[in-house]
> 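First the structure, then my questions, so here it is.
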There are 4 protein chains.
Amino acid sequence: MKTTKSENTKRLIIEKTAPVFNTKGYAGTSINDLMDATGLSKGCIYGNFQNKDEIALSVFDHNFGKVTQHMKERILATENSIERLLVYPQTYKNYFRYPYLQAGCPILNTATEADDTHAKLKERAQKALGLWKTAIVNQIKRGIERKEIKEDTDATEISVIMISMIEGAFMQAKVNNHMTELKIAMSFLEKLIKNLKV
Amino acid sequence: MKTTKSENTKRLIIEKTAPVFNTKGYAGTSINDLMDATGLSKGCIYGNFQNKDEIALSVFDHNFGKVTQHMKERILATENSIERLLVYPQTYKNYFRYPYLQAGCPILNTATEADDTHAKLKERAQKALGLWKTAIVNQIKRGIERKEIKEDTDATEISVIMISMIEGAFMQAKVNNHMTELKIAMSFLEKLIKNLKV
Amino acid sequence: MKTTKSENTKRLIIEKTAPVFNTKGYAGTSINDLMDATGLSKGCIYGNFQNKDEIALSVFDHNFGKVTQHMKERILATENSIERLLVYPQTYKNYFRYPYLQAGCPILNTATEADDTHAKLKERAQKALGLWKTAIVNQIKRGIERKEIKEDTDATEISVIMISMIEGAFMQAKVNNHMTELKIAMSFLEKLIKNLKV
Amino acid sequence: MKTTKSENTKRLIIEKTAPVFNTKGYAGTSINDLMDATGLSKGCIYGNFQNKDEIALSVFDHNFGKVTQHMKERILATENSIERLLVYPQTYKNYFRYPYLQAGCPILNTATEADDTHAKLKERAQKALGLWKTAIVNQIKRGIERKEIKEDTDATEISVIMISMIEGAFMQAKVNNHMTELKIAMSFLEKLIKNLKV
DNA sequence: AATGAATGAGCATTCATTCAT
DNA sequence: GATGAATGAATGCTCATTCAT
């Protein structure tokens, strides 16, 4: 499995610039910022990506992929549906342990900025949000089938509550530069999820 | 109390540009946008504000003030603490009725964008978030004193949950361009608040 | 008849940059060249013209207008149709006398460069060429009506010959940096025109 | 006479890129265009030519050589001096028959673009123009000696008229995208040349 | 108090050229 | 001899800000 030089550079650009995009926002990040972050020249960056947009999109996919993969792995290590749902609050509560999560939620970072000017990025965030919601809903339905979750649980409602709590708490963490609210919100979410147990 | 011509122009600039900042974001809004929105010249805008930053800050204060005042008025019209807390979910559930709320939550709009590049704006959002939290906490404490809210209620926890749910749901509304999630989240919040009743 | 400051600047830009466009070609002229030629800043140039294209187009119109006006004036000073046609070779033969003609024929300068990339400029050159041809044809027809030009003269043929000779000779003048061929060609054209006399 | 691999690649580059230079102009042609046209890599092109300029120069020589050779062959197939001179208008009148002429006259293509920025290219066009003129002049002198052309013919004048007419008419063909004027001009040239007959 | 012409640093992007492989 | 990743100067253009009027 040979990796070409170009593939390595592409990956390097994405990995090195991801934190910049997360910190400065997609619009606030200039090509010069990307040069500083990567140590590469303008020409090299443009040799590997068609334009700034393509880099932003790749970085979003990279960030979202990282989080998704992490959750998947942890979910697969669980024994029942309640534990599966608990993976989210438990991870985010201690997210400082996972370096690639520290930049915050990629969706949140993208969501509020991406406007008409960044239609593609907004679409990406939208789709990601949809996938996340569906995953939770399916998790709950499966739990009901397996008699691990109360039969009368409103799967959609729970998914909306979970996502809202996580994103809202993340926003506060970002603005306040501390995790107090994030921890409180995640603890509440844990109680709420545990209450779904039959 | 005489209002000078200058004060009037300042107010006009703030009021006319507030929706622009809310829609395009603080960074995405150019001086030209402000000229278009106000019908005023570059020189006039710079005659009334030192720079774009000062306008952005004033607009944030204006937006936040509007929402705060609206909540205050509705809160004063209530009869007990539970109803007071319910003002938040009830308002946001139907926020399309209030034109000045339609651009979303000013804090959320500011929070995710405001960074090192917009330190002052971030500080403003931080402070606003703190005030909001304190207001809810005080509301709950007062409710407990008045025997309208259960004695063992964790005021801080409830305030964090409320703010997280509202902001997280708003974010989804913004990304998805629909209110489905916002309504579900606000309904949940209503149930949760009603449960605090003694 | 008040001229605004902006109108003056626009004229200044056109007049000062016209020779640059003529010398370097429309594509070979950079905004920096325009700054050097005018002594104005980038922002000022873009404050007066939407983009480089608009400047190039304005310069073409300016150049073509100058030549056209000069010819018109000289034509109006003549007494008969033969003399009118002679204005062209006589002017170009001594074109070094007219500073604004020295940059050469604006149409020729534009014509060979203007490609798919400069569609608008090509269209301009095309239209100018058409107007010129029509003017000559009409001159000849008028001469025939007035019995000043032989009845059997092929107006179209003469116009094509005149324009071809002038443009072809101009091209040689440009490449060779001397007027030898231009003078020979214009003298031939004079003989040819005088032969049209009844 | 062995041809090295390198010589073959050089020829391939010249032949494949010649039409590109003719269409887009020397300045408007980028190295990427040359890669697309040849199917070769950047490194390969730069391995065979020192820089873009050297390619442009080689292409000019190639184009001019093609036209020159074509004329020579047709001239050698004629029986007298008048027919020899007629080769030019007759060829250009039907130039669409000769694929390598269809991009227009290489001299014209080069002449108007080549400037201070393309000093060498301009020099090349100048020299080519001189060779062409001399060739015609010699043709006429030879015709006079052989009593095929009127003794009092001004060889220089005729050569200037021929070249001017051809180049001027070609320019119109290029701008107008049709051959109407070219045909008219070439027919006139034919009449003019036939008139030189003793 | 208001205008709008002018500034210049900054932006995203292109392009001729080099060089390790 | 050929590749293509990397360079960095240059390009057209935007934008917050200033200042003479």
Side-chain angles (χ1 to χ4, degrees), chain A residues 4-10 12 27-35 38-55, chain B residues 4-10 27-35 38-56, chain C residues 4-10 12 27-35 38-55, chain D residues 4-10 27-35 38-56:
Chain A
T4 70
K5 200 178 183 191
S6 147
E7 271 165 356
N8 283 331
T9 309
K10 263 187 148 162
L12 179 144
T29 301
S30 74
I31 302 295
N32 267 340
D33 292 333
L34 304 185
M35 288 168 67
T38 56
L40 293 170
S41 69
K42 226 163 259 204
C44 177
I45 292 174
Y46 273 92
N48 285 283
F49 292 92
Q50 266 187 21
N51 49 35
K52 191 182 146 185
D53 235 60
E54 202 194 320
I55 307 176
Chain B
T4 68
K5 199 176 181 190
S6 154
E7 272 166 355
N8 280 332
T9 309
K10 266 187 148 165
T29 301
S30 73
I31 302 292
N32 268 340
D33 292 332
L34 305 186
M35 287 168 66
T38 57
L40 293 171
S41 71
K42 225 163 257 199
C44 177
I45 291 174
Y46 272 91
N48 285 283
F49 292 92
Q50 264 186 23
N51 50 34
K52 192 182 148 186
D53 237 60
E54 201 195 321
I55 308 176
Chain C
T4 70
K5 200 176 182 192
S6 147
E7 272 166 354
N8 282 332
T9 309
K10 263 187 148 162
L12 179 145
T29 301
S30 74
I31 302 295
N32 267 339
D33 292 334
L34 305 186
M35 288 167 67
T38 56
L40 293 169
S41 69
K42 221 166 262 201
C44 176
I45 292 174
Y46 273 93
N48 284 284
F49 292 92
Q50 266 187 22
N51 49 36
K52 190 182 147 186
D53 235 61
E54 202 194 320
I55 308 177
Chain D
T4 67
K5 199 178 181 188
S6 154
E7 272 167 354
N8 282 331
T9 310
K10 267 187 147 163
T29 301
S30 74
I31 303 293
N32 268 340
D33 292 332
L34 305 185
M35 289 168 66
T38 57
L40 293 170
S41 70
K42 224 162 257 198
C44 177
I45 291 173
Y46 272 91
N48 285 283
F49 292 92
Q50 265 187 22
N51 50 35
K52 192 182 148 185
D53 237 61
E54 201 193 322
I55 308 177

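To find a chain, count down the sequence lines: A is the first, B the second, and so on, and within it residues start at 1.
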> Whole angstrom is fine here: how far is it from CG in L34(C) over to P in dT11(F)?
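Roughly 11 Å, once rounded to whole Å.
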> Please step through side chain to side chain contact (heavy atoms under 4.5 Å, CB included) for the pair L12(A) and L40(A), ending with a clear verdict.
CA-CA 10 Å; L12(A) 179 144; L40(A) 293 170; 3.9 Å; yes
> Nearest-nucleotide wise, let me know which of S41(B) and C44(C) is further upstream toward the 5' end of DNA chain E.
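Of the two residues, S41(B) wins.
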> OP1, OP2 of dG1(F) versus side-chain N and O of T9(D): anything below 4.0 Å?
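Negative; the distance criterion is not met.
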> Quickly work out the F49(B) CZ to dA2(E) C1' distance and round it to whole Å.
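Spelled out: CZ on F49(B) to C1' on dA2(E) is 15 Å.
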> Closest heavy-atom contact between Q50(C) and E54(C)?
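Looking at all heavy atoms of both residues, the closest pair is N-OE1, 2.7 Å.
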> Strictly under 3.5 Å: I want the nitrogen or oxygen pairs between protein and nucleotides 13-17 of chain E, one per line.
{"residue": "dT13(E)", "atom": "OP2", "partner": "Y46(A)", "partner atom": "OH", "Å": "2.5"}
{"residue": "dT13(E)", "atom": "OP2", "partner": "K52(A)", "partner atom": "N", "Å": "2.9"}
{"residue": "dT13(E)", "atom": "O5'", "partner": "Y46(A)", "partner atom": "OH", "Å": "3.3"}
{"residue": "dA16(E)", "atom": "OP1", "partner": "K52(D)", "partner atom": "NZ", "Å": "3.3"}
{"residue": "dA16(E)", "atom": "OP2", "partner": "I31(D)", "partner atom": "N", "Å": "2.7"}
{"residue": "dT17(E)", "atom": "OP2", "partner": "Y46(D)", "partner atom": "OH", "Å": "2.8"}
{"residue": "dT17(E)", "atom": "OP2", "partner": "K52(D)", "partner atom": "N", "Å": "2.9"}
{"residue": "dT17(E)", "atom": "O5'", "partner": "Y46(D)", "partner atom": "OH", "Å": "3.4"}

> Quick one: closest heavy-atom pair of K10(B) and N48(B), and the distance?
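Scanning both residues completely, I find the closest heavy atoms to be CE-O, 3.0 Å.
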> How many Å lie between CD1 on I45(A) and P on dG4(F), as a whole number?
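To the nearest whole Å, that distance equals 21 Å.
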> To the nearest angstrom, how far is E54(C) atom CD from dG12(F) atom P?
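So the CD-P distance, E54(C) to dG12(F), works out to 15 Å.
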> Are the side chains of I55(A) and T29(A) in touch, meaning some heavy atoms are under 4.5 Å apart?
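They are not in contact (no side-chain heavy atoms under 4.5 Å apart), so the answer is no.
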> To check you understand the geometry: which heavy-atom pair defines the closest contact between N51(D) and Y46(D), and what is its length?
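Closest approach of N51(D) to Y46(D), heavy atoms only: CA-CE2, 3.9 Å.
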> Could you give the CG-to-P distance, from D33(C) to dT11(F), as a whole number of Å?
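Interatomic distance, CG of D33(C) to P of dT11(F): 7 Å.
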> Quick check for you: to the nearest 0.5 Å, what is the distance between S30(C) atom OG and K52(C) atom NZ?
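So the OG of S30(C) and the NZ of K52(C) are separated by 7.0 Å.
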> Using atom NZ of K10(C) as one end and atom C1' of dA6(E) as the other, report the distance to the nearest whole Å.
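In whole Å, dA6(E) C1' lies 15 Å from K10(C) NZ.
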> For T9(B) versus C44(B), what's the shortest heavy-atom pair and its separation?
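In this case the closest contact between T9(B) and C44(B) is CG2-SG, 4.1 Å.
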> Nearest whole Å is fine: how far is dA5(F) C1' from M35(D) CE?
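In whole Å, dA5(F) C1' lies 11 Å from M35(D) CE.
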> Give me the stems containing DNA chain F, sorted by first residue, counting only three or more consecutive Watson-Crick or G-U pairs with both distances under 3.5 Å; say none if there aren't any.
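Stems found: E:2-21 with F:2-21.
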> Quick one: are K42(A) and N32(A) in side-chain contact, heavy atoms under 4.5 Å?
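Contact flag for K42(A)/N32(A) side chains = yes.
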> Compare every heavy atom of T38(B) with every heavy atom of L34(B), then report the nearest pair and how far apart it is.
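Of all heavy-atom pairs spanning L34(B) and T38(B), the closest is O-OG1, 2.7 Å.
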> Just N and O in the side chain of N48(C): are any of them under 4.0 Å from OP1 or OP2 of dG4(E)?
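For dG4(E), neither OP1 nor OP2 has a side-chain N or O of N48(C) closer than 4.0 Å.
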